[in-house]
Protein chains: 2
Amino acid sequence: MPRAGLTTDSVVTAAGELADEHGLDGVTLARLAGRLGVRPPSLYAHVDGLPDLRTRLAVRGAEQLAATLQAAAAGLAGSQALSAVAHAYRAYALAHPGSYTALQRTTSNTDEAAEAARRVVAVVLAVLAGYGLDGEPALHATRAIRSALHGFVLLETQHGFGLPLAPDESFTTLVSMLDSGLRGVGGASA
Amino acid sequence: MPRAGLTTDSVVTAAGELADEHGLDGVTLARLAGRLGVRPPSLYAHVDGLPDLRTRLAVRGAEQLAATLQAAAAGLAGSQALSAVAHAYRAYALAHPGSYTALQRTTSNTDEAAEAARRVVAVVLAVLAGYGLDGEPALHATRAIRSALHGFVLLETQHGFGLPLAPDESFTTLVSMLDSGLRGVGGASA
DNA sequence: TGACGTGCCTATGGGAGTTAGGTAAAGTCC
DNA sequence: GGACTTTACCTAACTCCCATAGGCACGTCA
């Protein structure tokens, strides 16, 4: 029997595809092994069990998200930067729902995950500088923005919006609320 | 052997406690049966398996949340109402993390779940009326508010905030951003 | 007091994650 | 090019979970 030629990277990649198709809970070692043409125990040579696999998915997702946001914000400032980052954030989550869920559900904070999270925060902080915010108030505002984007995307991907109302417009409303919210808070403290 | 005297209600209540202690994924029929002094199959007399139990947890959580928000908003308007609702929302999620997770993850939309969701939306819409918002813009704003609260609470309960920064202040920042965001959007369209 | 409904039980099956130990393919050194 | 080492993958087996089927005994009501 020829070897499948797996690596940790190819296993995690396949798991990501599985997560985007069947949801994060649909990622089982049995199904993943089936897709890779291998028996479940063989995966343990590349990944240390299901929790480790989930952590790796989360780290990969965080890194991709951070890179996406950095690229989106490049060369922009103020409202334009905020809007670009927000839409890039949402686009990533919609395109990779499984990875996004994984990245949210991580409890084990590895160094790589922390590093990716730091990059995301850095991008938002750079945007906030355009609103005259820095220091501790900027950190609080970062949390607020992150919360809003995260919540919206989660509700949207998990079909939490009951009403038949265009999500695009709702998202635009959210972004402009954040924009004027930042001007209100920033204007008071800057 | 004396009977345990279970009812559907007592089973769901115990499951809610379990969810708040061990997380929603920690709610297994085996563990639940152990807590109730009963064998796992006995639970099927009161609940139709694990998915049904999760749905019931979600419905109960949604009803409790709606009632909490209604009580918090009573007699208030404008910024005060917004702040009261927001803080009540966060307090409920922090006090009942398991139920809150369940209420978020529901995919099966029963009539009761829809009704509870409708009540939550109604409370927020009433608050928005104080900002001069109604109709479709109010619905979009409702989604925005819900997203922000939901995202914050999720990040907080799942320890998504890496930095050692007081969450209370971050939340206050979020609420005031929403407040000025609503004034910005509301003033433009009302 | 006897029959009935039903709450809870044991027994059983199937599927998932995980570990232990074996086999054969791929790489390495003389 | 042949022998040794490494390692990718396998089968077998264990545990824990959800779920179903069928049986026993408790409580009620005529």
Side-chain angles (χ1 to χ4, degrees), chain A residues 1-60 98-99 101-103 105-108 110, chain B residues 1-61 98-99 101-102 105-108 110:
Chain A
M1 207 172 291
R3 302 206 172 182
L6 301 183
T7 64
T8 297
D9 211 66
S10 65
V11 168
V12 175
T13 299
E17 295 168 6
L18 222 47
D20 289 342
E21 289 170 23
H22 299 92
L24 184 58
D25 291 330
V27 179
T28 69
L29 293 183
R31 175 138 49 182
L32 179 56
R35 160 174 299 222
L36 293 169
V38 143
R39 304 289 181 172
S42 304
L43 298 176
Y44 283 79
H46 309 283
V47 153
D48 188 18
L50 194 58
D52 177 55
L53 177 63
R54 293 215 174 109
T55 299
R56 288 177 188 275
L57 268 178
V59 169
R60 166 172 304 208
S99 300
T101 307
L103 127 75
R105 230 189 266 174
T106 179
T107 48
S108 56
T110 64
Chain B
M1 211 172 287
R3 301 207 174 179
L6 302 183
T7 64
T8 297
D9 211 66
S10 65
V11 168
V12 176
T13 299
E17 295 168 4
L18 222 48
D20 289 342
E21 291 169 22
H22 299 91
L24 185 58
D25 291 330
V27 179
T28 69
L29 293 183
R31 175 137 51 180
L32 180 56
R35 161 174 300 222
L36 293 169
V38 143
R39 303 287 181 171
S42 304
L43 298 175
Y44 283 78
H46 308 283
V47 153
D48 190 19
L50 195 58
D52 176 55
L53 177 63
R54 293 216 174 109
T55 300
R56 289 178 188 274
L57 268 179
V59 169
R60 166 172 303 206
S99 300
T101 307
R105 230 189 268 176
T106 181
T107 47
S108 57
T110 64

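Since we're looking at a predicted model, the values are computed, not measured. Side chains included, hydrogens not; waters and symmetry mates left out as well; all remaining heavy atoms used. Each chain gets a letter, A, B and so on, in the order the sequences are listed, and its residues count up from 1.
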Next on the checklist: Quick check on contacts: within residues 21-31 of chain B, what sits under 4.0 Å from DNA chain D by heavy-atom distance?
Outcome noted: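 Those residues are B:Thr28, B:Leu29, B:Ala30.
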
Item to check | Flag side-chain contact, heavy atom, 4.5 Å: A:Ser99 against A:Asp20 | outcome: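 They are in contact (side-chain heavy atoms under 4.5 Å apart), so the answer is yes.
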
Checklist entry - Is A:Leu29 close to A:Leu53 at the side-chain level, that is, under 4.5 Å between some pair of heavy atoms? => result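 The answer is yes; the side chains approach within 4.5 Å.
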
Select one nucleotide: of [options], the one nearest the side-chain heavy atoms of [X].
X       : options                : result
B:Val38 : C:dC8, D:dC9, D:dA12   : C:dC8
A:Arg39 : D:dC10, C:dT19, D:dC18 : D:dC10
A:Tyr44 : C:dT19, D:dC9, D:dT20  : C:dT19

Item to check | C:dC9 phosphate, OP1 or OP2, under 4.0 Å from B:Ser42 side-chain N/O | outcome: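 Looking at the OP1 and OP2 atoms of C:dC9, one of them is under 4.0 Å from a side-chain N or O of B:Ser42.
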
Checklist entry - Under 4.0 Å: is that the gap between some side-chain N or O of A:His46 and OP1 or OP2 of D:dT7? => result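 The answer is no; no side-chain N or O of A:His46 sits under 4.0 Å from OP1 or OP2.
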
Item to check | Sugar-phosphate only, base, or nothing, as touched by A:Pro41 at under 4.0 Å among non-hydrogen atoms | outcome: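 Answer is base: heavy atoms of A:Pro41 come under 4.0 Å of a base.
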
Item to check | Non-neighbouring partners of A:Asp25 that pass salt bridge (Lys or Arg N to Asp or Glu O under 4.0 Å), sequence neighbours left out | outcome: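 With sequence neighbours excluded, A:Asp25 shows a salt bridge (Lys or Arg N to Asp or Glu O under 4.0 Å) to A:Arg105, given in chain and number order.
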
Next on the checklist: Check whether A:Thr8 reaches the backbone of A:His46 with its side chain - one donor and one acceptor, N or O, closer than 3.5 Å.
Outcome noted: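 Answer holds: yes.
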
What pairs of donor and acceptor atoms, side-chain ones from residues 31-38 of chain A against any protein atom, are under 3.5 angstrom apart with sequence neighbours left out?
{"residue": "A:Arg31", "atom": "NE", "partner": "A:Gly26", "partner atom": "O", "Å": "3.1"}
{"residue": "A:Arg31", "atom": "NH2", "partner": "A:Gly26", "partner atom": "O", "Å": "3.1"}
{"residue": "A:Arg35", "atom": "NH1", "partner": "A:Glu17", "partner atom": "OE1", "Å": "3.0"}
{"residue": "A:Arg35", "atom": "NH2", "partner": "A:Glu21", "partner atom": "OE1", "Å": "2.9"}
{"residue": "A:Arg35", "atom": "NH2", "partner": "A:Glu21", "partner atom": "OE2", "Å": "3.2"}

Next on the checklist: Does this structure show an ion pair linking A:Arg60 with A:Asp9, if we count only N-O contacts that are shorter than 4.0 Å?
Outcome noted: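 Yes, A:Arg60 and A:Asp9 are salt-bridged.
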
Checklist entry - Expressed in angstrom and rounded to an integer, what is the separation of B:Leu50 atom CG from D:dT20 atom P? => result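 Answer to the nearest Å: 12 Å.
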
